[in-house]
Each structure stands twice: as C-alpha cells, then as structure tokens.
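What's counted below: heavy atoms across the whole structure, side chains too, no hydrogens, waters or symmetry copies. Naming: A, B, ... by sequence-line order, numbering from 1 per chain.
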Protein chains: 4
Amino acid sequence: MFTKFWNLDREKQDRIVNAAMKEFSQKGYDLASTNQIVKEAGISKGLLFHYFQNKKQLYLFLFDYGYDRIVEEFYQKIDLTQMDFFKRTREAVMIKMELLTVYPDIFKFMEEALLEDSAEIKVELEKKKKEFIEINMEKFFEGVDYSKFREDVDLKIVLKIITFTLEKLSDEALFKAKLSPTHEFDYEKIRMEAEDYFDVLMKGFYKQ
Amino acid sequence: MFTKFWNLDREKQDRIVNAAMKEFSQKGYDLASTNQIVKEAGISKGLLFHYFQNKKQLYLFLFDYGYDRIVEEFYQKIDLTQMDFFKRTREAVMIKMELLTVYPDIFKFMEEALLEDSAEIKVELEKKKKEFIEINMEKFFEGVDYSKFREDVDLKIVLKIITFTLEKLSDEALFKAKLSPTHEFDYEKIRMEAEDYFDVLMKGFYKQ
Amino acid sequence: MFTKFWNLDREKQDRIVNAAMKEFSQKGYDLASTNQIVKEAGISKGLLFHYFQNKKQLYLFLFDYGYDRIVEEFYQKIDLTQMDFFKRTREAVMIKMELLTVYPDIFKFMEEALLEDSAEIKVELEKKKKEFIEINMEKFFEGVDYSKFREDVDLKIVLKIITFTLEKLSDEALFKAKLSPTHEFDYEKIRMEAEDYFDVLMKGFYKQ
Amino acid sequence: MFTKFWNLDREKQDRIVNAAMKEFSQKGYDLASTNQIVKEAGISKGLLFHYFQNKKQLYLFLFDYGYDRIVEEFYQKIDLTQMDFFKRTREAVMIKMELLTVYPDIFKFMEEALLEDSAEIKVELEKKKKEFIEINMEKFFEGVDYSKFREDVDLKIVLKIITFTLEKLSDEALFKAKLSPTHEFDYEKIRMEAEDYFDVLMKGFYKQ
DNA sequence: AATGAATGAGCATTCATTCAT
DNA sequence: AATGAATGAATGCTCATTCAT
C-alpha cells in the first residue's frame, strides 16, 4: 500500500504531503479540495488518485505519516530515564513546543486531525486516534515513579486530571495563536504559564 | 428581527428549529444543507429565507434560541444560595445532565456550536461564545465561598484546573455516548465518576 | 384600469412611482426586484400587485406615467410658433436638458425605457415606443418651415440624418455621465457641442 | 489561458461557442443561463467551468473570439487602397452585410455585446469595446482622401455625423429584421436605402 | 507513470406571484 | 384596502472521482 508513492523521489513526496497537509489543516477534511492540493503540489488530478485511491485514504495516510515523523522524533528526544512525573512531563511540553517550531505544518495537521470530526472518516480516524493515545500514554508514562504522589487519593484520577489540564492548556494556546493576527505562539509565556500549573498540581497531588 | 418567525404558531416554530439544529449539529455549519432543513421541517425553500435571510443568520438565531431555552432553565434550577464550591458545582453537573435528557437536540446543538469553527460565522459566533462564557462564569460562581481552598496555591489556577477537568469529563461522556450504538448516557455511572473526581479535587485543593 | 392606484393620496402614489422608476432604471426590467420596490416604497408585497396586477403592467404604467408628466410639460414649454427647423430643434434640446434636471428620475426612467429590450415586455413596450416616437415626430415638426432646406436632396432623409445625429449625441452625453464618478451632466459643454453640430448640419443642408 | 478549450476538437468548440453566443445575445449577460448553454451545447455542467472558470470569463472570451473571426475577415475583404471616403464606406457596409449573412450568430452577439451594460462585466467589457472602436476607427479610415470634403465645416464633426447615420441605419435594419416573423434581412432594400443616404451626405458635405 | 477532460448532484439564495386573513 | 406567509423553479458554481490516452 502506498508503495507507488514511496517510489517517488523525495522532493515530490514532500510537495504532495505539504500541499495536502496544508489544505486539510486549513479547511478541515470535508471542505478541503483535492483540486487545491494538486494545484499546490504541481501534479495532475489523476496522479493523486493513482497514489492514494481517494480522499479518505490520502487523509489516513497523512495521519500515519505525521505520526511517524513527529512521534518518533519525540521519543528520540525525551529522556525516559527521568523518573519524576512532573520533570518528565515538563520536558515533554518543551519538546512538543520545539517540534511545533521545527515541523509547524505537520504538527498543525496532527493537532487538527485529533479534533477532526467528519462523518466520512469518523470510524477509521477514531480508531487511529484511540491507538495513538493509548499507546503513547503507556509508553510515555512507563517507569515513572508514582511513589511521590499522595496515597490518600486515586492515582489514576490524579493522572487524568493532570492530563486534562495540560491538554486544555495546549488547546487554549493553539486557539489564542489562531485568533492572533500573526498566528504565532509566545513560547516563553506558555512555558511560564505551564510552570504555574505544574506548581499547583504538585502542591495538590504530591506528598507534602 | 426574527419577528416574522415568532409570529408563527408554536408547532411550526418547533419543527423548523428542530430540523435546523439537527442538521447543524450532525454536519457542522459548512456542510449543513438548508435543503435538508426545509425538507425535514416540511416547509418550502423560500420560507426559510423569508424568516432568517440567510444561513448565517439562521445559525446565530439558533444559538441565541438554545441559549435562552437552556441557560434560563439552568438558572431556575440551580441553588445559588449554596456557597460551597463543590456542592454547587456538583449540582450544576447534575442539572446539566438533566437538561441533556430533556432537550437533547438543543443541548447537542449548543455543545457543537461551542466547538464550531467555520470561517463564515467565525467573528459573530466567537463574540457570542465569549459573552456566553464570561457572563456565565461570573454568574455561576457569584457568592461562592472560596475560604475553604488552600491558601498556598494560586486560586485562579485551581479553579481553571477544576473547570478543565469537568469539561473534559463531560466531553468524554458525550463522546462515549456518541460511539455507543444507542447514543444513550449512563447517568448513574457518570455521576459516580464525577463524584470520584470531586473527591480527588477536594482532597488536593481544599484545606485539610 | 389603475383606478385603485389613482385613488391613493398623492404622497403614496409618488412614493410608489419613485421607488419603482428608480429600481427599473437602475437594474433594467428583468433584474429589477419587486421586493426592492415595495421595501423602498414602504408598502406591502400584496399591495403592489393589488394595484398593478403584475410586474409587466407596473412597468407599462410607469412608461405612460412618465410620458404624461414629461411630454406634456415639454409641449407647454416649446414654442411651436418658431418655424425655423434648427431654432425649434435647438430649443427642444435645451428644454430636454432642463427637464432632465427637474425630473431626473422620471427622465432617466424614460431614457432607459427607450433602450429596454426585455423579452417579457418586448411586444407591448415596442408598440408604445413606436407610437411615442411617431406621434411626437409629427407633433414636434408640425408647421416647420422646410423651405430653407436645399431642394436638390431628399428632405425626409435629411431630417432623418439630423434626428439620428441628435439622438446619438444625446446617447453619448448620457453614456459619458453614466461613466463619470458623479453621474453629472456638463450641460454647458453639451450645449456647445450641439451648437457645433447644428452649424455643420445647417451648412450642409440649408440653402446657402 | 483558454488553452484547454483550444485543445478540443473543432466541432465541440463550435457547439459551445454557438450555444453560448446564442444564449447571451438572446437574453443579455445577466439573464443568460449557463444551464441553458450546456444543455444546448450538449456538455456537462462542470465542463463549461472547467474551460472558462466562470460566466464572466466565458463572455469576455466570446467577445475576443467574435472579434477575431469577424474583424479579421472584414479586413481581408475590404479594399484599403480605395481612398474615396464614401466608396470605402459603401464597401464596408456591403461587407458588413455579407458577414452578417455568413456569421449571423457571431455578428448578432457582437452587436449585442456593444450594447451590453451589465454591472458584472462593465469594467472589462468597456475597456475591450473602447479598444475595439479606437483601433478600428483608425485602421479603417487610414489613408482616406479627405480633400474632397468641404473646407468650411469641421471635418471631425462631419465624420461623426456620417458615422452616427450609418450606425442608426444599421440599428434600424437589425431592428426591423428582429420584428419580422422570419428574422430575415432584405439586403437589397437596405443597400438601396444606404445609397440614398450616401447621396444626401455627399451632396451635403463634399465640395460641389 | 502521468494527464486532464468529463461528469452531474449538490450548494445557498432570489424571484414574481397568490391568497387567507 | 392591506398584509406578509408561502411557493418551488431557477441561478452560477464546486466537488471527488473516472478513464481514455
């Protein structure tokens, strides 16, 4: 599958992936136009369907492609020997923001994909998202030292609260960037905000 | 504005509102079809535009309509003399779930509207959402006794963490219902889950 | 016919006529909107059709109305005792321009009506136009002293050439005004241009 | 631009051009229906827009197309070595009528286009018309011997009067054909009428 | 491998006119 | 007399996908 695509020279692959990711993250799955993608990529109409069969397959391919590019690099960078929960999480936030700067388009596509809700790709995408989240939760938290957490509360719930909080913070940051005229992140501000949250969460849920 | 619509008999109003809310929440603003709405409502093409001028005005009307129906009823039910933060919040969750059962379509529409991101209605809808959230945050938390919260952490951040957590819980519940074959909520389970979270949050952020 | 309309108070008649003439001359018959007319006139949808039956009858009524208002006043002003062809014609041009200033909307409507070419009103309007032109050619040229014209050319053709020339001049003036940002006539310039043409035509076709 | 269209086989090109010209000259720009055009041309909805992007581009294309077909042939036929003004003009009238018989639809379209006044194409079409007229006035009158004209009148005005007269004659002929049941020209009658006018104009404005 | 012509259902919106009140 | 709710055909244009070359 997609072997035809992988046999292309790298430059053409990139042109197609970039054009498609750009279009999908700008307009969402349903409103994205394959016409616009081929125009931007400089290839013919038929070729896109030659490689990817249809719009849906193209989208799902892009999701996997983005996953491979970003998640792999994330795990190359993250220090999984750091056992302290908050230290590891804090580093993850920093790496995430770094990747966001290096691969803004891929990252943007992945973020949007996690929010995507089109009926046409619902079933398949939901499955991928679920795997994505489950696998990474497990992998990311492997070996973490939970002994520092209070013992009078349900640890699973505490971890959920922390995850929820970081996700919402990240959503808010993305959303603010979207609304701003330049679409730019203020990384320093976000990091400082995250620090404040880490501080409160640690006070609330670590042993004192 | 919309006086033409309000002069209709109630039954017809309902048919139109229900058809439109259903279509919009199923497909999102951009993909929703006015054709489908009029077919479902059993009215003619021209009539919809006679009442609402265009698709955008219709959508914004529905938002206000939903707001009026649901939010007003919420404040009739909630006991704002209850000063304890968690007790009041817990009651709010229960009322929300009750309203969700009574007005599932309106509720669903409002939930989707808060996530809606179409370019065509962006500016106006964003303004409404912002007002919606600001007014209700202030109103809902009025008079709450914050003296029970720990004093060694930033209260604003604590409140945000709690809000984030409840929102994510609610999203998850909605999402699970969506995926289930019957689209039904298991209220009792959700309430119990919420109780567990309240317990953890109180332990973490109330004075001991 | 139209007795219902004539029984209205004058102010309402004017509102309707003005609104309709404005809409028709701005957009032409086909594109003119009866919706726009009733909105501008401040009357209800049904009322317009109560008075005029349909769009076509309304248009034909307006043509007659404009004719009556403008042509009658034209003949009150023109000095039909002036027997010299060019003097009478020159005065006609001046009166036409004067009326254009006093009743710009009616005049504009009549000018546009003479150019109107919609299939829906073609037959009836063409008949009216033909009558309009025939009757007025006859009436306007009545008693003119043609003895000053050269006798070695066909007088009918000479008169046609002169009429053609004046019509085209008038069209050009209207057209230039339309293209200018302010839509204003430069009366003095038009009069002087007309004088130059009169001079040439007299030299060519009067006895020397 | 329009290379897609030019790559079609000639028969299909003709079907499309003929259908479009017919529709536009019958109903004018605004009321012409692209639906009707594709139906008449026997092509699909999307294809028309595949070639021409939108209605406006289609119209402007047709204008250029008509210009190229008709004006080029006109200059192949006209004898520009004939220096006498009236002889050259007389030949032009004859050629115009000949072309009108050979390409009645193109000719009709061009005539209507010169009168077209739709807001949507105003700017672009006005520019084309202006170029059309300027270039052709210059080219057509090049080398003409004006020494036979009277010297006591303004030559520019005389030429305008002659042009006006011929245009109005032509309009009248077209108009009469339009009103007749068979829509046919009586060429011989028109030529004879034109001769009468030429005779009067020469007597009036040539040296005696 | 690569092209791009071809399809026709679908979209939001406007229109003149009718008719029950 | 006067209202305005109601109709549904028609508008220009876009879309993902196919297929002969």
Side-chain angles (χ1 to χ4, degrees), chain A residues 4-5 7-8 12 29-39 43-58 120, chain B residues 3-5 7-9 12 27 29-39 42-58 120, chain C residues 4-5 7-8 12 29-39 43-58 120, chain D residues 3-5 7-9 12 27 29-39 42-58 120:
Chain A
K4 288 175 197 162
F5 177 77
N7 286 334
L8 289 178
K12 197 167 191 174
Y29 179 81
D30 289 309
L31 265 51
S33 158
T34 52
N35 256 352
Q36 185 53 40
I37 292 172
V38 299
K39 213 159 78 185
I43 60 167
S44 79
K45 208 78 216 288
L47 202 49
L48 188 76
F49 290 89
H50 180 65
Y51 295 134
F52 299 106
Q53 288 190 86
N54 56 40
K55 196 182 183 183
K56 189 202 266 193
Q57 295 306 317
L58 167 61
E120 199 174 321
Chain B
T3 45
K4 288 174 194 167
F5 178 76
N7 287 334
L8 290 178
D9 61 290
K12 196 167 193 173
K27 307 207 192 145
Y29 180 80
D30 288 311
L31 262 55
S33 159
T34 52
N35 268 348
Q36 185 53 42
I37 293 172
V38 298
K39 212 162 78 186
I43 59 168
S44 78
K45 208 80 225 292
L47 198 50
L48 189 74
F49 293 91
H50 180 65
Y51 296 134
F52 300 107
Q53 290 190 83
N54 54 43
K55 196 182 181 182
K56 189 203 266 196
Q57 295 305 316
L58 167 61
E120 201 173 319
Chain C
K4 288 176 197 161
F5 177 77
N7 287 333
L8 290 178
K12 197 166 191 173
Y29 179 80
D30 288 309
L31 264 53
S33 158
T34 51
N35 257 351
Q36 185 53 40
I37 292 172
V38 298
K39 213 159 77 185
I43 59 166
S44 80
K45 208 78 213 293
L47 201 49
L48 189 74
F49 290 89
H50 179 65
Y51 295 136
F52 299 106
Q53 288 192 85
N54 56 39
K55 196 184 184 183
K56 188 201 267 195
Q57 294 307 316
L58 167 61
E120 201 173 320
Chain D
T3 46
K4 288 174 193 167
F5 178 77
N7 287 334
L8 290 178
D9 62 288
K12 198 167 192 173
K27 307 207 194 144
Y29 179 80
D30 288 310
L31 261 54
S33 159
T34 52
N35 268 348
Q36 184 54 41
I37 292 171
V38 298
K39 211 161 79 185
I43 59 169
S44 78
K45 207 81 225 289
L47 198 50
L48 188 74
F49 293 94
H50 180 64
Y51 295 134
F52 299 106
Q53 289 191 88
N54 55 41
K55 195 183 182 183
K56 189 203 265 196
Q57 295 305 318
L58 167 61
E120 201 173 320

Enquirer: If you pin Tyr29(B) and Leu47(D) to their nearest nucleotides in DNA chain E, which one's is more 5'?
Expert: Leu47(D)

Enquirer: Can you tell me if Lys39(B) touches the phosphate of dG8(F), counting only side-chain N or O atoms and a distance under 4.0 Å to OP1 or OP2?
Expert: no

Enquirer: Output yes when at least one side-chain N/O atom of Ser44(B) is less than 4.0 Å from OP1 or OP2 of dA5(F), else no.
Expert: no

Enquirer: In whole angstroms, how far is the P atom of dA5(E) from the CG atom of Asp9(D)?
Expert: 13 Å

Enquirer: Is Lys55(D) close enough to dG12(F) that one of its side-chain N or O atoms is under 4.0 Å from OP1 or OP2 there?
Expert: yes

Enquirer: Take the protein atom NZ of Lys12(A) and the nucleotide atom C1' of dT3(E), then report the distance between them rounded to whole Å.
Expert: 11 Å

Enquirer: Could you please name the partner base of dA1(F), counting Watson-Crick and G-U wobble pairs only when both distances are under 3.5 Å?
Expert: none

Enquirer: Counting the atoms with a prime plus P, OP1 and OP2 as sugar-phosphate, which does Lys56(B) contact under 4.0 Å by heavy atoms, base, sugar-phosphate, or nothing?
Expert: nothing

Enquirer: So, does Lys55(B) use its side chain to make a donor-acceptor pair with the main chain of Asp30(B) at under 3.5 Å?
Expert: yes

Enquirer: At under 4.0 Å, does any side-chain N or O of His50(C) touch on OP1 or OP2 of dA2(F)?
Expert: no

Enquirer: At under 4.0 Å between heavy atoms, what does Leu8(C) touch on the DNA or RNA strands: base, sugar-phosphate, or nothing?
Expert: sugar-phosphate

Enquirer: Tell me the interatomic distance from Phe5(A), atom CZ, to dA2(E), atom P, rounded to whole angstroms.
Expert: 12 Å

Enquirer: Atom CD1 of Ile37(C) and atom C1' of dT17(E): how far apart are they, to the nearest Å?
Expert: 14 Å

Enquirer: Using heavy atoms to find the nearest nucleotide of DNA chain E for Glu120(C) and Thr3(D) separately, return the residue whose nucleotide is more 5′.
Expert: Thr3(D)

Enquirer: Any idea how Phe52(D) and Phe5(D) line up, ring-wise: parallel (<30°), tilted (30 to 60°), or perpendicular (>60°)?
Expert: tilted

Enquirer: Rounded to whole Å, how long is the line connecting atom CG of Leu48(A) with atom C1' of dT18(F)?
Expert: 14 Å

Enquirer: Within the structure shown, what part of the strands sits under 4.0 Å from Asn54(D) by heavy-atom distance: base, sugar-phosphate, or nothing?
Expert: sugar-phosphate

Enquirer: Does any nucleotide pair with dA16(E) by Watson-Crick or G-U wobble geometry, both distances under 3.5 Å, and what is it?
Expert: dT7(F)

Enquirer: Determine whether a donor-acceptor pair (N or O, by modelled atom type, separation under 3.5 Å) exists between the side chain of Tyr29(B) and the backbone of Lys56(B).
Expert: yes

Enquirer: So for Lys45(C) and dT17(E), does any side-chain atom that can act as donor or acceptor lie under 3.5 Å from a complementary atom in the base?
Expert: yes

Enquirer: In whole Å, what is the span from the CZ atom of Phe49(D) to the C1' atom of dA9(E)?
Expert: 14 Å

Enquirer: Whole Å only: how far is the CZ atom of Phe52(C) from the C1' atom of dT17(E)?
Expert: 16 Å

Enquirer: For a quick check of understanding: with a heavy-atom distance under 4.0 Å over all strands, which category does Asn7(B) fall into, base, sugar-phosphate or nothing?
Expert: nothing

Enquirer: Once rounded to the nearest 0.5 Å, what's the spacing between atom CG of Leu58(C) and atom OG1 of Thr34(C)?
Expert: 9.0 Å

Enquirer: Relative to the 5' end of DNA chain F, which residue comes earlier, Gly46(C) or Lys27(D), by the nucleotide with the nearest heavy atom?
Expert: Gly46(C)

Enquirer: Answer whether the closest heavy-atom distance between the side chains of Leu47(A) and Lys12(A) falls below 4.5 Å.
Expert: yes

Enquirer: Would you kindly give the OH-to-C1' distance between Tyr51(C) and dA2(F), to the nearest whole Å?
Expert: 8 Å

Enquirer: Quick one: pull up NZ in Lys39(C) and OG in Ser33(C) and give me the separation to the nearest 0.5 Å.
Expert: 8.0 Å

